[in-house]
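Here the structure is laid out as structure tokens; the discussion comes afterwards.
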Amino acid sequence: MACQGLQKGETLESLKRESETLKKKLEEERNKLNDVELHQVAEKVEVLSALSIKTRRVLKGHGNKVLCMDWCKDKRRMVSSSQDGKVIVWDAFTLNKEHGVPLPCTWVLACAYAPLSGLDNKCSVIPLSLDKNENLAAKKKSVAMHTNYVSGCSFTNSDMQLLTSSGDGTCALWDVESGQLLQSFHGHTADVLSLDLAPSETGNTFVSGGCDMKANVWDMRSGQNIQSFESHESDINCVKYYPSGDAFASASDDATCRFYDLRADREVAVYQKDSIIFGASTCDFSLSGRLLFAGYNDYTINVWDVLKGTRATILFGHENRVSRVRVSPDGTALGSASWDSTLRVSWSFSTGSNYIFRFIKLLFWVNSRLVLEFTVAF
Amino acid sequence: MTINTLAKGGCHREQMACFRKMEKVIVAMQDPDMGMKMRNQRLLITVIPHAMTGHDIITWLTHKYRISEEEALHLGNMLVKYGYIYPLKEPRCLVLRPDESPYRFQTPYFWTSTRWPASELDYAIYLAKKNIRKQGELMEYEKERYSLLHKRINHTWDFVVMQAREQLRSSKQRRKADRIVLECQEQAYWLINRPPVRSITLYCIQLYCVVHIEACRKALGRNRVKSSICLEGFLKYSEQYLNHDPIMQGCLPSNPWISDDTAHWTMNAEIVPVPTRLRVERWSFSFTELLNDAMGRKEFMTYLEKEFSAENLYFWQACEDIRHGENSKIVEKVEDVYKNFLAPGAARWVNIDSKTMDKTLEGIKRPHRFVMDDAQMHIYFLMKKDSYPRYLKSDLYKNMLAKAIVPQETKKSVFPFMRRQRHSSPSPAQTATQAAEEEGLAKGAGANSAAGSHF
């Protein structure tokens, strides 16, 4: 949709006024069916038992900021991309590096379990094989071309189609085999920073978030913008669907994460705290959707109770911005990538209300003197 | 944020929001009633007024925001890093120490947001002052910048030196304590705000308005659902999946990451002789769950064969293949689907209503990726409303559920640090630090903390 210029009689002022009026009218319409808030409905839900989430794996090997990571379907392998120009495939369970692929561009912004995209405006797909001797870089295929940097990418349900988001303000759907553009999505008025595919029955929509502070929902078939949400106060860095597909969360530079309900067509929760000052760059849900993990530019990961709107816990450990958090496909662990050039895997030691916490104090006696005392929790 | 750094308006977007929030914190800290208690601090032989200790800062933050000490230390560190509070001892070490180290608030004149962007001219004057005051006391990077600036703004260099001399002269007339305070403030400011290089991008404002108006008009006509109904949906979903969420409830026999035992993954592999109970239960949550699980789909197919309606599932699978497959194979696949499922007398003829059938047959004349969508949707909902609920009530499913395994929980080892240490395939420079870290981990294992975790 190109800029058609102003119609006769329209001035910039009148356009702005009309825009404002319509915006207010839309807010009123949305509020008409707003009869209760999420945290009110969530009052009857049990409070979360104290979460104990700890980082126990640190993956070192990148030489520079790690910009993106993703889990493999086998629940233990990860792929990560870094500013050092390399993409590494790790077995996070054993900490082994399985593949290392050097790339011509150093700002590799996004990788999904296999396509790679970055600041050279191209998105490449690299087929991975178990043969470590294969020169994988040579098999790389260039798929998508935008007029500005590519910020995010995702395979659709098969690995034959690729969805990309770009700094040129558009998203696009590509056929991997031929590199052909199948559909493009216009509507953002600034860089698009992130996208996510809907896990719905019909599998036809996706959401994108951008620097125009808007989150848009698109129909992949028609290229139409179906829904739009504009309540953030700064760039939206990441969008992620709730597991049921009826809602999505967004992480933004305004230091909040927000939860949007697609059927009610409005924002239903804001996850924020006065002591959280720095922007959130990434977010992901736990398997049941009860928890939202968000990585921030102050190097922390805050874990939010999605229903009650409170913060469950906070994770420290990274020494620079957290660029990506992703829950593993079976929900057993949380992977995080950071500008401190490491990846970390964390998981929960809490075991829910079915189990009893047992504390045992162990005392060691050496040479008839008390040497060591510590507490072990099961 | 994005590499396109300036917005319409010209101010740095990402940072301004952060700075405003930090300034709110700082203003609250200086509130005469609820703010921090300040005192005079000794720095060598001079007494600096209105200073506070690192410990006081952390205590105040902990109380004001009701957060843990660890988080307060982290937040305080950020305030120091961005120059709102600066240390009096060791001014180059921008770290908040939770002890008696003295700190001071930066004056608003020197706040990053106030003086944004830091100009090269001011920086040159600052460096020139330093150079004149104490010859050769510039740090390496400062010397480099000084000579670079000397080259770049050589035409105004006389002005720079003159300003520097003037500022030095007037500062000599201040009391020593004030002079030291001002020098500290200025030094702290420049440590953080050395001027960088920028780029500028342009946006079309009219385009935004037009796009926005169109989007609003469309949105006004939407159908919406009442909040109470939608929100209940989230509660139900989270409750239903609670037992399946390892982070919330753990998993059986154990979380492989914790116990180093991959039994959980082996038991839940794509195809297993006997699935776990949780997995079979999940098939009853929704039709999508059943179809997304390879074993579930196989079981469902077996059921449909018994009911003589398996062609529905075969048709749905073939349509999925068209929708998500290669562009080049679409025509051939659509042909196949027509031959096998839609043509009169086809081997696996599917029962679609006449309207949809007519539309589909029309579309097949010019096949494209979505030509089968309507028919596929029809069959999908047919299975969902009819075959799926009957499958869940069938003996086939009930037997599967009864046979399903409930794994035994494995006990964690009593001595966590006896578990196998994991070493990443190393780069030589990092093995030393890694080994030290592993030891630290082993010693710290088992310490539970609800407020946060750190190692």
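Note on naming: letters A, B, ... go to the chains in the order of the sequence lines (proteins, then strands), and numbering restarts at 1 for each one.
In this structure, B/Leu75 CG and A/Phe278 CZ are separated by 8.5 Å, a value rounded to the nearest 0.5 Å. Atom-to-atom distance recorded for A/Lys273:NZ and B/Ile67:CD1 is 6.5 Å, nearest 0.5 angstrom. Note that CG of A/Asp35 is 3.5 Å distant from OG of B/Ser228, once rounded to the nearest 0.5 Å. Interatomic distance, A/Ser348 OG to B/Asp245 CG, rounded to the nearest 0.5 Å: 9.0 Å. The distance from atom CD of A/Glu20 to atom CD1 of B/Ile213, rounded to the nearest 0.5 Å, is 10.0 Å. With values rounded to the nearest 0.5 angstrom, B/Ser227 atom OG is found 14.0 Å from A/Lys32 atom NZ.
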- Message: Go through it in stages, so that I can follow the logic: the residues are B/Lys236 and A/Asp246, the test is salt bridge (Lys or Arg N to Asp or Glu O under 4.0 Å), and I'd like the CA-CA distance, side-chain angles, deciding distance and then a yes or no.
- Response: CA-CA 12 Å; B/Lys236 280 208 187 76; A/Asp246 289 329; over 6 Å; no
- Residue pair A/Tyr299, B/Met78: steps toward the side-chain contact (heavy atoms from CB on, under 4.5 Å) verdict: CA-CA 10 Å; A/Tyr299 323 163; B/Met78 288 294 149; 3.9 Å; yes
- After noting the C-alpha distance and the side-chain angles of B/Trp257 and A/Arg56, does the key distance pass the side-chain contact (heavy atoms from CB on, under 4.5 Å) rule? CA-CA 9 Å; B/Trp257 298 97; A/Arg56 281 287 181 266; over 6 Å; no
- List the steps, then state whether side-chain contact (heavy atoms from CB on, under 4.5 Å) holds for A/Ser275 with B/Glu71. CA-CA 9 Å; A/Ser275 59; B/Glu71 200 181 343; 3.5 Å; yes
- Dump the intermediate steps for side-chain contact (heavy atoms from CB on, under 4.5 Å) on A/Leu287 and B/Ile247, then the final yes or no. CA-CA 8 Å; A/Leu287 195 136; B/Ile247 291 181; over 6 Å; no
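Contacts of B/Lys226 with chain A are made by both backbone and side-chain atoms, with heavy-atom separations under 4.5 Å. Contacts between B/Ser328 and chain A at a heavy-atom distance below 4.5 Å involve backbone atoms as well as side-chain atoms. Using a 4.5 Å cut-off between heavy atoms, B/Lys384 contacts chain A through its side chain alone, with no backbone atom that close. Heavy atoms closer than 4.5 Å to chain B are found nowhere in A/Phe285, neither backbone nor side chain. In this structure, the portions of A/Val41 lying under 4.5 Å from any heavy atom of chain B include both its backbone and its side chain. Neither the backbone nor the side chain of A/Val303 has a heavy atom closer than 4.5 Å to any heavy atom of chain B. With a 4.5 Å cut-off on non-hydrogen atoms, B/Thr288 touches chain A through its side chain but not through its backbone. Interface residue A/Lys44: only side-chain heavy atoms are found under 4.5 Å from chain B. Residue contact with chain B, scored on non-hydrogen atoms closer than 4.5 Å, involves the side chain of A/Phe259 exclusively. Using a 4.5 Å cut-off between heavy atoms, A/Leu307 touches chain B through its side chain atoms alone. Using a 4.5 Å cut-off between heavy atoms, B/Lys81 touches chain A through its side chain atoms alone. For A/Pro243, the parts lying near chain B are the backbone and the side chain together; criterion is any non-hydrogen pair under 4.5 Å. For A/Glu37, the part lying near chain B is the backbone, with the side chain staying farther off; criterion is any non-hydrogen pair under 4.5 Å. The part of B/Asn255 that comes within reach of chain A is its side chain, from C-beta onward, which places non-hydrogen atoms under 4.5 angstrom from that chain. In this structure, chain A has heavy atoms under 4.5 Å from both the backbone and the side chain of B/Cys230.
Residue with the most contacts toward chain A among B/Arg369, B/His264, B/Gln376, B/Arg222: B/Arg222 (heavy-atom pairs, distance under 4.5 Å). Ranked by heavy-atom pairs under 4.5 Å with chain A, the first of B/Leu242, B/Leu61, B/Asp373, B/Asp321 is B/Asp373. Between chain B and the options A/Ser244, A/Gly289, A/Gly210, the largest number of non-hydrogen pairs under 4.5 Å is found for A/Ser244. Chain B forms the most heavy-atom pairs under 4.5 Å with one residue out of A/Arg30, A/Lys25, A/Gln227, and that residue is A/Gln227. Of the listed residues (A/Leu38, A/Asp298, A/Asn225), the greatest number of heavy-atom pairs within a distance under 4.5 Å of chain B belongs to A/Asp298. When A/Leu262, A/Thr332, A/Asp330 are compared by the number of non-hydrogen pairs under 4.5 Å with chain B, A/Thr332 comes out ahead. Chain B forms the most heavy-atom pairs under 4.5 Å with one residue out of A/Leu334, A/Leu48, A/Leu182, and that residue is A/Leu182.
Defined by atom type and a distance below 3.5 Å, a donor-acceptor pair is missing between the side-chain atoms of A/Ser286 and B/Tyr241. Using modelled atom types, one finds no donor on one side chain facing an acceptor on the other under 3.5 Å when comparing A/Arg76 with B/Thr262. In this model, no donor atom of one side chain and acceptor atom of the other lie less than 3.5 Å apart for B/Arg224 and A/Asn34.
Looking at B/Lys329 and A/Asp175, no side-chain N of the basic residue comes within less than 4.0 Å of a carboxylate O on the acidic one, giving no salt bridge. A salt bridge does not link A/Glu233 to B/Arg20: none of the charged side-chain nitrogens sits closer than 4.0 Å to a carboxylate oxygen. Here A/Asp274 does not pair with B/Lys21 in a salt bridge; the nearest charged N to carboxylate O distance is not below 4.0 Å.
Residue A/Gln40 places its CD atom among more than 12 non-hydrogen atoms of other residues, nucleotides or ligands, all under 6.0 Å distant.
Contact of the A/Tyr242 side chain with the B/Ser238 side chain is registered, since non-hydrogen atoms from C-beta on lie closer than 4.5 Å. At least one side-chain heavy atom of B/Arg323 sits under 4.5 Å from a side-chain heavy atom of A/Asn204.
Applying the salt bridge (Lys or Arg N to Asp or Glu O under 4.0 Å) rule to B/Arg217 yields the partners A/Glu18; only residues at least two apart in sequence or on another chain are considered.
A tilted orientation is assigned to the rings of B/His74 and A/Phe316, their planes being inclined by 30° to 60°.
A/Ile277 approaches B/Val25 most closely through the heavy-atom pair CD1-CG2, 3.9 Å. Counting all heavy atoms, side chain and backbone alike, A/Phe93 lies closest to B/Pro256 at CE1-O, 3.2 Å.
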